[in-house]
There are 2 protein chains.
Amino acid sequence: MVRTARYSEEHFIDAATALVAEGGPGAATMQAIARRVGAPTGSIYHRFESRSAILAAAWNASYGSLAGVLVPLLQAGSPREAALALLPWAEEDRQRARFLLQHEPVTLFEDAPPPERLRQEMEKLESEMDGAFRTCIAQVGAGASPEEDLARAKFLIFDAPIAIIRPHLLAKGAIPTFAGQMIAELHAAVPLAHAGKRGAGMRAA
Amino acid sequence: MVRTARYSEEHFIDAATALVAEGGPGAATMQAIARRVGAPTGSIYHRFESRSAILAAAWNASYGSLAGVLVPLLQAGSPREAALALLPWAEEDRQRARFLLQHEPVTLFEDAPPPERLRQEMEKLESEMDGAFRTCIAQVGAGASPEEDLARAKFLIFDAPIAIIRPHLLAKGAIPTFAGQMIAELHAAVPLAHAGKRGAGMRAA
DNA sequence: ACTGTTCTAGAATGGTCGGTCTATATCCTG
DNA sequence: CAGGATATAGACCGACCATTCTAGAACAGT
């Protein structure tokens, strides 16, 4: 009853992801996406109502892939394993990693906000991840204010490993083995809940 | 003999810096910069030959400000002090910090490369910072390959503190005090040259 | 007061962008 | 073996961008 589609949603999302990963949000023009897929620009609008919609879909796919790896480990109360899991994830899904790791979602949608459906999916993914972080903290045991505990966990499990991996993602080469060692060392030396020493216990020498 | 200038280079650089810090590179259009300064668009071209030139100048000003703080401390062999110095720097010069901390220089110049003069200044600043890192490593004493030592130092002194500070820079509020404590704790727990335990000594439990 | 240079001022230009429109091809269903 | 829904295909549109251009204003030295 219908003509079969030659280009799938995924094609366009992947192209947009790659373009943003390589050249920033500005590089992902509708024409560039279409050219990369080999489709006419008009075809994109059969699947996405706007440029924001593609970018949001790309963000959801990337962030969802990340959450799929991280959330189970966080909920299991394994912060160290979660941090280390970022490494193979980034290596296997380099484009999505680069897409996520260099751009704040804020700058992705400078002009038009993404459609409601996608905006809600974004928020759901973010709150899912956030909840997993809180679950992990609750299991491991916290030390200070909830705000500080969360900031601490996000740094140790997410931002710090990312900071370690990022230079190697931007360069072409593979991620060196010492990156994993640095993450492991960090988690051995700096506990998520800074151990029971009286007070805060984290003033440095 | 000449008409006095009403808008200085600095005016335009500051406006461009603020726009990029707030909305990403795409927000810093020539018209937006001019509007923010209150000047006509044409006036910008009396001081900068192109948009890339302003962005490069803004980058140089921001990175130069950062280097001015970091380089002396690195050359003095004080990695901990350097890392902690990022905090007041970011707080006092929020816009420059945000400009630098959320965007890779790569994505700033998607289309046209900046003029030669500015490109060389960028490279000079970067190699100056790089040299300071190496000097610091040499003083403190290294542990592994030069490549790993450098990656380690950059993480501990620059990227990790940045990762700690970034969420608070993107939010509006002040940087909480526990951010400084986290940086201090990190440096107390994870030495730049991982202490003399046999071999690499950084495998975690 | 005049001159010449350097600036402001903002309209004009050519190119590209996101998004729409019309025409045509494809292929499942009946 | 049609009918018609859904796709491709790409020209087209108005908006906006970086950059250029023309006109006039301001000031230093005479």
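If you're wondering where the values come from, they're calculated on a predicted model, not measured in any experiment. These values consider heavy atoms only, across backbone and side chains, with no hydrogens, waters or symmetry-generated copies. Chain identifiers are assigned alphabetically (A, B, ...) following the order of the sequence lines, protein sequences preceding nucleic acid strands; residue numbering begins at 1 within each chain.
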*Assign a letter to each nucleotide of nucleotides 5-10 of chain C from its 5' end: B, base within under 4.0 Å of a protein heavy atom; S, sugar-phosphate only; -, no contact.*
BBBBBB
Can you give each donor-acceptor pair under 3.5 Å made by side-chain atoms of residues 164-172 of chain B, sequence neighbours left out, with the distance rounded to 0.1 Å?
{"residue": "B:R166", "atom": "NE", "partner": "B:L101", "partner atom": "O", "Å": "3.4"}
{"residue": "B:R166", "atom": "NH2", "partner": "B:L101", "partner atom": "O", "Å": "2.6"}

*Is a salt bridge present between B:R152 and B:D159, judged by a nitrogen-to-oxygen distance below 4.0 Å?*
no
Check residues 26-46 of chain A and write down every donor-acceptor pair under 3.5 Å in which the side-chain atom is one partner and the other belongs to a residue at least two apart or another chain.
{"residue": "A:T29", "atom": "OG1", "partner": "A:A32", "partner atom": "N", "Å": "2.9"}
{"residue": "A:R36", "atom": "NH2", "partner": "A:E22", "partner atom": "OE2", "Å": "3.4"}

_Applying side chain to side chain donor-acceptor pair (under 3.5 Å), can you list everything that pairs with A:S8, at least two apart in sequence or on another chain?_
A:H11
*Protein-nucleotide distance (A:E49, atom CD; C:dT20, atom C1'), rounded to Å*: 14 Å
_Of all pairs that satisfy salt bridge (charged side-chain N to carboxylate O under 4.0 Å, His left out), the ones with a partner from residues 39-51 of chain A, not counting sequence neighbours_ = none
*asked:* Output the rounded distance in Å from OH (A:Y45) to C1' (C:dC21).
replied: 13 Å
*Provide, to the nearest angstrom, the distance between the CD1 atom belonging to B:I33 and the P atom belonging to D:dC16.*
18 Å
*Sequence neighbours left out, what passes side-chain contact (heavy atoms from CB on, under 4.5 Å) with A:E92? Give chain and number order.*
A:P88
Please write out the pairs of protein N or O atoms and N or O atoms of nucleotides 14-16 of chain C separated by less than 3.5 Å, giving the distance to one decimal.
none

_side-chain contact (heavy atoms from CB on, under 4.5 Å) partners for A:R119, two or more places apart_ = A:P114, A:E116, A:E123
Got a list of side-chain donor-acceptor pairs under 3.5 Å for residues 53-78 of chain A, not counting sequence neighbours?
{"residue": "A:S62", "atom": "OG", "partner": "A:A58", "partner atom": "O", "Å": "3.2"}
{"residue": "A:S65", "atom": "OG", "partner": "A:W89", "partner atom": "NE1", "Å": "2.7"}

